[in-house]
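Input: a single structure, listed below in structure tokens.
Chain identifiers are assigned alphabetically (A, B, ...) following the order of the sequence lines, protein sequences preceding nucleic acid strands; residue numbering begins at 1 within each chain. Predicted, not measured: the structure shown is a model, and the values here were computed from it.
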Protein chains: 4
Amino acid sequence: MSDGQTVAADQLRLFIERIERLEEEKKGMSDDIKDVYLEAKSQGFDAKTMRKIVSLRKKEKHVRDEEDALLETYRNALGLV
Amino acid sequence: MSDGQTVAADQLRLFIERIERLEEEKKGMSDDIKDVYLEAKSQGFDAKTMRKIVSLRKKEKHVRDEEDALLETYRNALGLV
Amino acid sequence: MSDGQTVAADQLRLFIERIERLEEEKKGMSDDIKDVYLEAKSQGFDAKTMRKIVSLRKKEKHVRDEEDALLETYRNALGLV
Amino acid sequence: MSDGQTVAADQLRLFIERIERLEEEKKGMSDDIKDVYLEAKSQGFDAKTMRKIVSLRKKEKHVRDEEDALLETYRNALGLV
DNA sequence: CCGACAGCCAAAGGCC
DNA sequence: GGCCTTTGGCTGTCGG
């Protein structure tokens, strides 16, 4: 043991385990989100529409961020502070 | 103000905000995972293959979980502890 | 010849050829687009920034379309015309 | 108006609009291609395999073009017509 | 040549 | 249980 092969295998195993832990946490987040939708639904809200709203707001935010970045690019190109 | 309409709108807004916070955390997880793949890649591992490994192990875990659930069903059906 | 096998092969060949013609036209479009960027570059414009603008405008249009669709969803949900 | 700034902005706008028109045409080509695959699928052909064929033929064409170019290079180097 | 990005496809999850 | 929308991964393309 302790040869390069083994060392590499150990490293790989550690990477895989780190990823799997993170994937589990991520799945936990997904489950939490699902629960909120269920809770909202139980209070009479329509989950499908809510998903649309969330999706739309995400895109709008993304567009706004990009607009800001583009503006910054222009400012830099024009030598402004 | 304070009529049903407004109350519902406030509730909806709160739900949306909770979801958006959770979505952000989830995105953080995704980013962390991506970072681990990049780190592994920088040490000479192949990300694509690693993804295959993670995927395979997930399926195997799923199979094992199903087997456990089936065993549990049998135990219950037979009145065993 | 003239058996089913051959007929199917002929059909397939025709489909493939139609696709390849369309792919060529598509590539022509890509080349034209590339030329416009080059021409703009030759007049002092930054192609990378221009690409960002084009991309951003596309996203903005998409978001606007979605907003309209969501509004429509609300109107329907509220029984409005 | 009519200062350099405005002229440049107008030029940029025109370039952007030309690109957007071309992008739309390109999208039309993509849609046409997709339609052909759907039509082929409706007649029992497998789209995935067809894509492989198209891809392979493209590579082969590319190889042939490279060979031709190399041959041309040699001919020129040797002063042949 | 590499690294980033968009398009395409297959798979998963939610909804009816 | 089927439809269908969304997500994740892969491939091909483009610019640096």
Between T73(B) and A69(B) (side chain of the first, backbone of the second, donor and acceptor by atom type, cut-off under 3.5 Å), is there such a pair?
yes
With a cut-off of less than 4.0 Å, is there a side-chain N or O of S55(D) near OP1 or OP2 of dG12(F)?
yes
Does K26(B) place a side-chain N or O at less than 4.0 Å from the phosphate oxygens OP1/OP2 of dT7(F)?
no
Residue list, ring-ring contact (aromatic ring centres under 6.0 Å, His included) with Y37(D), at least two apart or on another chain
none
Roughly, in whole Å, what's the span from [atom1] in [X] to [atom2] in [N]?
X: M29(B); N: dG8(F); atom1: CE; atom2: P; value: 14 Å
X: L56(D); N: dT11(F); atom1: CG; atom2: P; value: 14 Å
X: K58(A); N: dT5(F); atom1: NZ; atom2: P; value: 18 Å
X: E23(D); N: dT13(F); atom1: CD; atom2: P; value: 15 Å
X: K52(D); N: dA10(E); atom1: NZ; atom2: C1'; value: 13 Å
X: D32(D); N: dC8(E); atom1: CG; atom2: P; value: 12 Å

Would E39(A) and R18(B) count as a salt bridge (Lys or Arg N to Asp or Glu O under 4.0 Å) here? Give the steps.
CA-CA 11 Å; E39(A) 188 184 340; R18(B) 274 174 67 193; 3.2 Å; yes
Could you walk me through whether K61(D) and D65(D) pass the salt bridge (Lys or Arg N to Asp or Glu O under 4.0 Å) test, one step at a time?
CA-CA 6 Å; K61(D) 182 181 182 308; D65(D) 288 349; 2.9 Å; yes
Polar atom pairs (N or O), protein with nucleotides 12-16 of chain E, under 3.5 Å:
{"from": "dG14(E)", "atom 1": "OP1", "to": "K34(A)", "atom 2": "NZ", "distance (Å)": "3.0"}

List, by chain and number, the other hydrophobic cluster members for L80(B), where Ile, Leu, Val, Met, Phe, Trp and Tyr join if side-chain heavy atoms come within less than 4.5 Å, directly or indirectly.
L78(B)
CD/Q43(A): more than 12 non-hydrogen atoms of other groups inside 6.0 Å:
yes
